[in-house]
Student: 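Dumping the structure here so I can ask a few things about it.
In this chain, residues are counted from 1 in sequence order.
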Amino acid sequence: MRKLFLPLCILLLMSGCKKSELDVANSSPAVSADKAIDIVKYKEESSQSPQVAPPNAISEKLLPEENESAQSSSTHKKIDTIAKKVIKNGNMRIQVGDIKKAQNQVADILKKNNAYIQTEQFQNTDVDDNLDLVIRVPHKNFDALINSFSDGVGSVLSKNISSDDVTEEYTDVSIKLANKRIYLEKYRDMLRSASTTKDMIEIQEKIRELEDEIDVAEGRLRFIDDRVNYSTLNLSLYKEKVRTSATSKIGFGSRFGDSVAEGWNSFVSFLLGIISFWPFLLLIPIIIYLWRKWRAGRAK
């Protein structure tokens, strides 16, 4: 009996161990599957941004504090992703020997720097020739363009370069624009569920005001982007004319008329100068009268 009892105990122990291992193996997939489902649900719930409830009444203000918890993360992301916005402008006045030759040089420089002329104005006077250009150039080529004009076109009489950082304004307008779009969608949802004509009219008026404000904000952002991406340079090419009797191209008649006009202007200036001394002119008769009276009294 003892010989049979020991093998039976060993068999029972071995079968019990195998059964416990099978139970553990069968139960672990279920547990891991349940955990996986819970993790997926948690990720889906956490990935969805909380929605802001629309206002219960038309008069209820959509204050930023109501959306602070819902928009704080997205707002910070927008601020972080906005690149630095810097507007560069410049003014240059260059004296040249030949306007047409300088104009050809300017055209070559503009072509190399992918720039273009926005406005052009030429003025020819008796004293000088002036060519005024408003040039738009990509932001990255602005400095190279300035250096090219300074080196080979002519003598630089004046140069003024300015940089304006508009990052703060751009960020502020972008955040306000995003908020206005959220409010617009909320009012549109309210319009779909409006029950009275009065509410519909009030909501439509709010929607119209928001759409106008959104258009203005979008236009401002487009303007800033344009000024940032393309810098502006006001270039003035100046040539002074030398007027001598030998080289002057002005006719005798024009010069005679100029001389007559200049003489008349000088006479008028002299006459006006005399008139400005009228208080002293009034003193002259009084002085003469007193002098004669004194002389007559002395003779007696």
Student: Within the 4.5 Å heavy-atom criterion, are I87 and H139 side-chain neighbours or not?
Tutor: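 No, too far: nothing below the 4.5 Å cut-off.
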Student: Test of understanding: with side chain to side chain contact (heavy atoms under 4.5 Å, CB included), list the residues that count as partners of K198, not counting sequence neighbours.
Tutor: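 Once residues adjacent in sequence are excluded, the partners of K198 under the side chain to side chain contact (heavy atoms under 4.5 Å, CB included) criterion are T196, E202.
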Student: List, by chain and then residue number, the residues other than L157 in its hydrophobic cluster (Ile/Leu/Val/Met/Phe/Trp/Tyr, side-chain heavy atoms under 4.5 Å); write none if there are no others.
Tutor: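 Besides L157, the hydrophobic cluster comprises Y238, listed by chain and residue number.
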Student: Running the 4.5 Å side-chain criterion over Ile, Leu, Val, Met, Phe, Trp and Tyr, what cluster does Y230 land in, apart from itself?
Tutor: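 For the cluster that includes Y230, the remaining residues are Y116.
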Student: Hey, what do you get for CD1 (I182) to NZ (K186), rounding to the nearest 0.5 Å?
Tutor: 8.5 Å
Student: With R208, which residues qualify under salt bridge (charged side-chain N to carboxylate O under 4.0 Å, His left out), at least two apart?
Tutor: E205, D212
Student: Kindly compute the distance separating CG (N141) from NZ (K112), expressed to the nearest 0.5 Å.
Tutor: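 Between N141 CG and K112 NZ, I get 13.0 Å after rounding to 0.5 Å.
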Student: Quiz question: by atom type and distance under 3.5 Å, do the side chains of R93 and S236 form a donor-acceptor pair?
Tutor: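 Yes - a donor-acceptor pair under 3.5 Å links their side chains.
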Student: List the steps and the verdict of salt bridge (Lys or Arg N to Asp or Glu O under 4.0 Å) for R192 and D189.
Tutor: CA-CA 5 Å; R192 297 187 189 99; D189 293 338; 2.4 Å; yes
Student: Just wondering, do E169 and K85 contact through their side chains at under 4.5 Å, heavy atoms?
Tutor: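 Not touching, per the 4.5 Å side-chain cut-off.
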Student: Can you list every pair that meets salt bridge (charged side-chain N to carboxylate O under 4.0 Å, His left out) and has a residue in residues 133-162, with sequence neighbours left out?
Tutor: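 Qualifying pairs, neighbours excluded: K88-D143, R136-D226.
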Student: If you define the side chain from C-beta out and look only at heavy atoms, does anything of T125 sit under 4.5 Å from D128?
Tutor: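 Touching, per the 4.5 Å side-chain cut-off.
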Student: Please list, chain by chain and in numerical order, all residues satisfying salt bridge (charged side-chain N to carboxylate O under 4.0 Å, His left out) with E213, sequence neighbours excluded.
Tutor: K180
Student: Could you tell me the separation between the CD1 atom of I224 and the OH atom of Y170, rounded to the nearest 0.5 Å?
Tutor: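 Going from the CD1 atom of I224 to the OH atom of Y170 covers 7.5 Å.
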Student: Taking the hydrophobic residues Ile, Leu, Val, Met, Phe, Trp and Tyr, and joining any pair whose side-chain heavy atoms are under 4.5 Å apart, which ones share a cluster with L237?
Tutor: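 ILVMFWY cluster around L237 also holds M92, I94, V96, I99, V106, I109, L110, I117, F122, L131, L133, I135, V137, F142, L145, I146, F149, V153, V156, I161, L233, L235.
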Student: Only counting residues at least two apart or in another chain, list the ones meeting side chain to side chain contact (heavy atoms under 4.5 Å, CB included) with N104.
Tutor: none
Student: Measuring from atom CG of D215 to atom CG of L210, what distance do you get when rounded to the nearest 0.5 angstrom?
Tutor: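 The distance works out to 11.0 Å.
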Student: Does a side-chain heavy-atom distance below 4.5 Å link N234 with D132?
Tutor: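 A side-chain contact under 4.5 Å is absent here.
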Student: Which distance, rounded to the nearest 0.5 Å, do you find between the CG of L191 and the CD1 of I201?
Tutor: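 L191 CG to I201 CD1: 11.0 Å, rounded to 0.5 Å.
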Student: How would you list, by chain and number, every residue that makes a salt bridge (charged side-chain N to carboxylate O under 4.0 Å, His left out) with R188, sequence neighbours excluded?
Tutor: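 Result, salt bridge (charged side-chain N to carboxylate O under 4.0 Å, His left out) vs R188: E185, E211.
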Student: What residues form a salt bridge (charged side-chain N to carboxylate O under 4.0 Å, His left out) with D172, not counting sequence neighbours?
Tutor: K176
Student: Mind checking what makes ring-ring contact (aromatic ring centres under 6.0 Å, His included) contact with F267, not counting sequence neighbours?
Tutor: W264
Student: Tell me which pairs pass salt bridge (charged side-chain N to carboxylate O under 4.0 Å, His left out) where either residue lies in residues 261-279, with sequence neighbours left out.
Tutor: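 Output for this query is empty, none listed.
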Student: Would you say L177 and V216 are hydrophobically clustered, going by side-chain heavy atoms of ILVMFWY under 4.5 Å?
Tutor: no
Student: How long is the gap from CD on Q105 to NZ on K100, to the nearest 0.5 Å?
Tutor: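 That separation rounds to 15.0 Å.
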